[in-house]
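Here's the structure, in structure tokens; my notes come after.
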Amino acid sequence: MCGIVGAIQRNGGVVETLLQGLRLLEYRGYDSAGVAVLEAGAIKIRRKAGRLERLEQVLSDGSLDNARAGIGHTRWATHGPPSDENAHPHTDQEGRVALVHNGVVENWAELRAELEAAGVRFASDTDTEVLAHLVGREMARGQDLASAVRASLARVRGYYAIAAVAQGEQGVRIVCARSGPPLAVAAGPDGVYLASDVLALIAHTRDVIFLEDGDVAELELGHAPIVTRIDGTRVDRPTRRVEWDPEQAGKGSFPHFMLKEIHEQPDVLARTAFDRLRLDKGDVDFGVPGFTDHELRAVDRLQIVACGTALHAGWIARYLIEGLARLPVDVDYASEFRYRDPVLAHNTLALAISQSGETADTLAALRLAKTLGARTAAICNVVGSTLVREAQATILTHAGPEIGVASTKAFVAQVVAAFLFAVRLGRARGVLSLERGRELVSELRLLRPKMESLLGERAVSEVRAIAQKNQGQKGFLFLGRGINYPIALEGALKLKEISYVHAEGYPAGEMKHGPIALIEPAMSILVVNSAGPLAEKVRSNLEQVRARGGHVIAIGSDKESIAQSDEHVLVPECSEWLSPILNVIPLQLVAYHMADLKGFDIDKPRNLAKSVTVE
Ligand code: AGP
């Protein structure tokens, strides 16, 4: 997903501010980068394909260091290959306006044809350049930058977050707008700022305005941001305080964000759960509207929509909620749900799970559920995100900023939130007793040291040895049953995402229906098995694999599985309902160390973006 930053600073030095912001957004994945600054009233552009370092090199001549206003962009190519010419910012023909864009202009071809028929010559293959020419043409007709942007966006179909600067404007202004991908603006002591992610703002101020879809904002030094709609009507948007600490966004002593975030998971459990537990009542209190007994008793069915890792948390939520609250739960890929013309039962609560709160498919699925009459709720990690603002009730996870593209701590936070929700639902519906509620709440409290034990030197070196021994394998199967079946899916996704090896997650009971044909010594089979009612079933699946020469790695607390396997990671015992939170940690570490041994870019894996805000 592209990254956008912008700033107007009292004392100049805007280039370094833009670069700092872009560095913080690198984790989102990109293939080129660029900046446009106003230098003595004229627009100056520098842009390069490849990593940010290449742009920094071009800017190191210092020729733009005094500039006070500018915009910056990291591009994740949608139209046109990564190249210097296709990198943003883009300008109109006269170089009057420079513009950066995240999203897709769906009607770019017809707009481009119209502009070319009027004599405009294009310099790139991008849809974004169409926007730059539209705005330039409106300014040539006498409109100021803000009006020109509004008039141009009125002609656009698609989704966008954009920022633009123009030369020759009375006073220096940046205009930005969003419909779909996120954008936030802020006024700090040293200037005014915009960014597609709060991470790039909190170094300047914690008081942030999150734009809504259809908003256009004008930034000018010494003034609060002015927000209007596309039609020009003024709107007031609240300023929200962002509590994240900038150093949380740093790597600290870890070589990669992903490893730091794996090790943060015990803290994430505490931050997401501990102040919501009510041991005396054997219950949970989210402290926000939408989760009272009365409201939850009105729910007859739950429909979960999510993508990727968040969907795996959704699958676990189904086991938890059906198991502890006896509420029927459906789980759907958001990208499937939104197009399958779904039928929802009466009194359905639609629950979207998302780390970023900006995933296009998840947002669209939740909006569809709402039109079908469902109440909406969210489990989300970003306070100002679109999902949090659109859902009628939200359980915020407190994982802090997750920079590694491969989600780890946010996943654990989502599973913890789902556990809390299952307890709350069970107590509200009267199917979970006070005693049982107290047991579950206590179990959650006891989990943290068990997580820590899986992150200690010994456990990590065990996992590193497994990664070392299996890195040449032809492929990987991950097997699990019950609440640990989604952990098999998650383990496979982690390995795929960052080690680029073929891996599949499967319900262990499905082996005999086809996948067992894959078993051979060159295949490694990771079997997730926790002590509990299903352990014996999984053991026999493990035996079936070994009998065919497969290389078995057992992960979990079931000691007999450990004894039967070629390699293993023994996981501390805990309530089966909480076992996914422990079992996932060795799998995250196996994927991490496999990728590290291969020397791959762990935090920014090829082809991936941190948040997929386009379809
Ligand atoms: C997980 O490791 C991936 N990065 C990806 O599957 C991710 O979980 C998915 O895109 C959903 O993102 P979200 O949680 O921000 O909605």
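When a ligand or atom number is given, it counts from 1 through the structure's own listing order.
- Between the side chain of Gln265 and the main chain of Ile262, a donor-acceptor pair closer than 3.5 Å is present.
- Checked against a 3.5 angstrom limit, the closest N/O atoms of Val405 and ligand 1 fall inside it.
- The protein atom (non-hydrogen) at minimum distance from atom 3 (C) of ligand 1 is Glu497 OE2, 3.1 Å.
- Every atom of ligand 1 with a heavy atom of Ser407 under 4.0 Å away is listed here by number and element: 1 (C), 2 (O).
- Contact of the Ile304 side chain with the Val329 side chain is registered, since non-hydrogen atoms from C-beta on lie closer than 4.5 Å.
- The Thr359 neighbourhood of ligand 1 comprises atoms 12 (O), 13 (P), 15 (O), 16 (O), with distances under 4.0 Å to a heavy atom of that residue.
- Side-chain rings of Tyr500 and Phe600 approach one another, their centers coming within less than 6.0 Å.
- Within the 6.0 Å centre-distance limit, the rings of His263 and Phe254 are counted as a close aromatic pair.
- Against a heavy-atom cut-off of under 4.0 Å, Lys494 is close to the following atoms of ligand 1: 1 (C), 2 (O).
- Heavy atoms of Glu358 found under 4.0 angstrom from ligand 1: none, in either backbone or side chain.
- Close approach to Ala310 involves these atoms of ligand 1, each under 4.0 Å from a residue heavy atom: 8 (O), 14 (O).
- At the shortest separation from atom 10 (O) of ligand 1 among protein heavy atoms lies Val612 CG2, 4.2 Å.
- The distance between the ring centers of Tyr160 and His101 does not fall below 6.0 angstrom.
- Annotation: Ser354 places an N or O atom under 3.5 Å from an N or O atom of ligand 1; distance criterion only.
- The backbone N or O of Ala467 sits nowhere less than 3.5 Å from a side-chain atom of Asn470 that would complete a donor-acceptor pair.
- Among all non-hydrogen protein atoms, the one lying nearest atom 15 (O) of ligand 1 is Ser356 OG, 2.7 Å.
- Residue Ala406 approaches ligand 1 through these ligand atoms, each under 4.0 Å from one of its heavy atoms: 2 (O).
- Among all heavy-atom pairs drawn from Tyr319 and Tyr485, the shortest one is OH-CD2, 3.9 Å.
- Between Ser524 and the options Glu567, Gln473, Lys474, a side-chain hydrogen bond (donor to acceptor under 3.5 Å, both in side chains) holds for only Gln473.
- Looking at Glu497, Gln414, Glu490 one by one, the single match for side-chain hydrogen bond (donor to acceptor under 3.5 Å, both in side chains) with Thr309 turns out to be Glu490.
- Here Ser611 has no heavy atoms under 4.0 Å from ligand 1, in either its backbone or its side chain.
- Looking from atom 14 (O) of ligand 1 to the surrounding protein, the closest heavy atom is Gln355 N, 2.7 Å.
- Protein heavy atom closest to atom 11 (C) of ligand 1, with residue, atom name and distance, is Cys307 O, 3.5 Å.
- Looking at Thr309 against ligand 1, both its backbone and its side chain come within 4.0 Å, counting heavy atoms.
- Judged purely by atom type and a 3.5 angstrom limit, Asp127 uses its side chain to pair as donor or acceptor with the backbone of Val105.
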